[in-house]
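Everything on this sheet refers to the single structure shown next.
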Amino acid sequence: MKIKENHKLRKPSGAYAVGCSSFYYEYERDEQQDEKRLIPCLCFYPAAEARGGRLKKYISKEILPGTSGIETNSYMNVPVADGKHPLLLFSHGYCLSCEANTVQFEELASHGYIVLSIGHLGDGSYELPDGSISKFDVSGLPEAVVADATKGVEIFRTYAAWLGGEGKEASIEEHHDYYERIIDSQPNMIARNDLWVTDSLTALEHFLADAERENDAFYSHIDAERIGAVGMSFGGSAALNLAFVSERVKAIANLDGFCYSSMWHRPMNKPVLLLQNDSPLAGHYLRFPFQNAASEAYLATILNSTHSNFTDYSEIMAENLISKSEIGDEEVEIALLGTINPERMESVMNALLVDFFDKYLKGKAARVIDIEGSLEDVILQRK
């Protein structure tokens with residue numbers, strides 16, 4: 001993968017400077033074994049000022065080689081801006097990192113949101129409290145999880161083909177039945193996503209409890225009545241699951257993540273924004289959750305995008321990465337990123353996320369999601 005050299009991440013469009021702090025939390029997964037699980041987190045937030053702060057490095061080069069020349073817009077440990085701010089919980093895509101959607105974090109923080117990016121040890125790569133790096137290693141995953149994921153490659157490829165063909169005219173009952181077959185084939189991935197939900201809820205409770213102390217940097221700055229969840233890919237599934245299990249979470253955004261959940265059949269009863277790619281090989285997976293939603297729901301299909309476009313890869317890659325794969329008896333080339341302009345992709349994601357959370361967490365009138373034809377390159381459905 002070729003990364004841009006000496007690149008500055010796009011400037012956030014909001015009025016606030018952006019601050020960043022790192023946190024680490026622990027909890028016992030199994031009381032009988034007295035085993036503690038570490039949760040690494042990064043917090044991006046609206047800052048009172050950037051003056052005197054140290055510019056955050058993008059990510060450790062041990063986690064993503066070639067990124068030492070990437071510069072962010074976030075300043076470490078600067079004071080939080082006055083007032084109370086809505087809180088967003090974020091989970092990254094599987095095998096990625098807390099920094100994987102920094103462009104979105106900085107944009108949301110500049111518009112007055114506190115974003116807690118939550119890591120899931122063993123399922124991503126992170127810098128640890130002692131400065132060492134925990135790198136994602138597929139050989140360290142439970143065999144059952146690897147088996148589900150391997151089996152899922154062909155299952156999801158077939159599902160994408162169905163969605164692009166017969167599924168276009170299929171009834172909601174037919175979509176339900178197909179989703180059920182996939183869910184039944186992925187029990188270990190569902191259990192893994194449940195662990196991510198536990199990580200997220202634990203991080204939330206620690207973060208809110210710490211902010212109750214007068215000497216904490218976030219004291220009196222978190223609006224605990226306005227909490228949302230957002231995630232990319234497997235993290236998007238965790239965001240949907242958080243909405244099912246937590247009354248605290250009021251609105252949810254999913255960036256192209258299939259819903260790995262034992263509660264997949266339950267209609268979503270909170271406002272939800274679903275963003276999906278339109279690749280014929282791995283797109284349109286969020287059609288059923290949208291059809292099944294019981295509350296206000298938005299399904300945004302971003303044209304000419306792929307799954308990886310929903311990360312910072314759109315911003316930091318110097319050139320597309322092309323690989324070869326066998327589909328049936330044919331060898332085909334598969335691009336990591338779609339043909340959508342990378343800058344356009346970031347602009348679309350940022351606009352949709354800010355507008356959605358502004359409407360449902362801040363009570364503002366929508367400027368994008370409720371306006372017909374507001375975004376080119378997007379097919380936007382509402383219910």
Query raised in the report: Yes or no on side-chain contact (heavy atoms from CB on, under 4.5 Å) for L336 and T306, after CA distance, side-chain angles and deciding distance?
Result: CA-CA 7 Å; L336 188 66; T306 66; 5.8 Å; no
Any sub-3.5 Å donor-acceptor pair from [X]'s side-chain atoms to [Y]'s backbone N or O?
X: N341; Y: R344; result: yes
X: K4; Y: E315; result: yes
X: N254; Y: G236; result: yes
X: S125; Y: F136; result: yes

Quick one: salt bridge (charged side-chain N to carboxylate O under 4.0 Å, His left out) partners of [X], sequence neighbours excluded?
X: E343; answer: none
X: R287; answer: none
X: K84; answer: none
X: K8; answer: E71

Let me confirm one number: the [atom1]-[atom2] distance from [X] to [Y], rounded to the nearest 0.5 Å.
X: S262; Y: D194; atom1: OG; atom2: CG; result: 5.5 Å
X: L55; Y: Y75; atom1: CG; atom2: OH; result: 5.0 Å
X: L255; Y: L274; atom1: CG; atom2: CG; result: 10.0 Å
X: I182; Y: C259; atom1: CD1; atom2: SG; result: 11.5 Å
X: Q276; Y: D256; atom1: CD; atom2: CG; result: 7.0 Å
X: D377; Y: I340; atom1: CG; atom2: CD1; result: 4.5 Å

Requested in this report: Kindly state whether the ring of F44 and the ring of F90 have centres lying under 6.0 angstrom apart.
Outcome: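 They do not qualify: ring centres at least 6.0 Å apart.
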Query raised in the report: For the ring pair Y25 and H206, is the centre-to-centre distance below 6.0 Å?
Result: yes
Report task. Could you note down all residue pairs passing ring-ring contact (aromatic ring centres under 6.0 Å, His included) where residues 361-383 supplies at least one of them, sequence neighbours left out? Result ->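 Of all non-adjacent pairs touching residues 361-383, none passes ring-ring contact (aromatic ring centres under 6.0 Å, His included).
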Report task. Over all heavy atoms of both residues, which pair between A203 and I39 is shortest? Give the atoms and the distance, please. Result ->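 For A203 versus I39, the nearest heavy atoms are N-CD1, 4.1 Å.
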Any donor-acceptor N or O pair under 3.5 Å, side chains [X], [Y]:
X: N241; Y: N193; value: yes
X: D278; Y: T301; value: no
X: Y113; Y: D358; value: yes
X: S295; Y: N269; value: no
X: S314; Y: N309; value: yes
X: T311; Y: H92; value: no

Query raised in the report: What residue among K270, K250, K359 forms salt bridge (Lys or Arg N to Asp or Glu O under 4.0 Å) with E296?
Result: K359
Flag if over 12 foreign heavy atoms under 6.0 Å of [atom1], [X]:
X: E154; atom1: CD; answer: yes
X: E5; atom1: CD; answer: no
X: K2; atom1: NZ; answer: no
X: E26; atom1: CD; answer: yes
X: D82; atom1: CG; answer: no

Hey, can you tell me if [X] and [Y] have their rings parallel, tilted or perpendicular (30° and 60° cut-offs)?
X: Y179; Y: F288; value: tilted
X: Y260; Y: F258; value: perpendicular
X: H176; Y: W264; value: tilted

Sequence neighbours left out, cut at 3.5 Å: what donor-acceptor pairs do the side chains of residues 159-166 make with other protein atoms?
none

Query - Partners passing ring-ring contact (aromatic ring centres under 6.0 Å, His included) against Y219 (at least two apart in sequence or in another chain) - result: none
Query raised in the report: Checking side-chain contact (heavy atoms from CB on, under 4.5 Å) for the pair T67/H7: CA distance, chi angles, key distance, verdict?
Result: CA-CA 9 Å; T67 53; H7 176 68; over 6 Å; no
Considering residues at least two apart in sequence or located in another chain, which fulfil the side chain to side chain donor-acceptor pair (under 3.5 Å) criterion with [X]?
X: R10; value: S347
X: E247; value: none
X: E62; value: none

Requested in this report: Taking only Lys NZ, Arg NE, NH1 and NH2, and the carboxylate oxygens of Asp or Glu, determine whether R382 and E372 approach each other closer than 4.0 Å.
Outcome: yes
Query raised in the report: Does K135 come within less than 4.0 Å of E127, counting only side-chain N to carboxylate O?
Result: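 Not counted as a salt bridge, because no side-chain N and carboxylate O are separated by less than 4.0 Å.
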Requested in this report: Give every residue pair that meets the side chain to side chain donor-acceptor pair (under 3.5 Å) criterion with at least one member in residues 181-190, sequence neighbours excluded.
Outcome: D148-N188
Query - Charged tip of K383 within 45° of Y298 ring normal and under 6.0 Å - result: no
**Report entry** Residue pair Y58, I316: steps toward the side-chain contact (heavy atoms from CB on, under 4.5 Å) verdict
**Finding:** CA-CA 10 Å; Y58 176 61; I316 67 172; 4.0 Å; yes
Report task. Please report the C-alpha distance between M189 and F234 in whole Å, then the side-chain angles of each, then the deciding distance to 0.1 Å, and finally whether the side-chain contact (heavy atoms from CB on, under 4.5 Å) criterion is met. Result -> CA-CA 9 Å; M189 294 298 286; F234 203 66; 3.7 Å; yes
Query raised in the report: Can you tell which of R54, K57, E106 makes a side chain to side chain donor-acceptor pair (under 3.5 Å) with S74?
Result: E106
Give the table of side-chain donor-acceptor pairs shorter than 3.5 Å for residues 114-122, with sequence neighbours excluded, one pair per line with atom names and distance.
residue	atom	partner	partner atom	Å
S117	OG	C98	O	2.8
H120	ND1	D199	OD2	2.9
H120	NE2	S91	OG	2.9
H120	NE2	I118	O	3.4

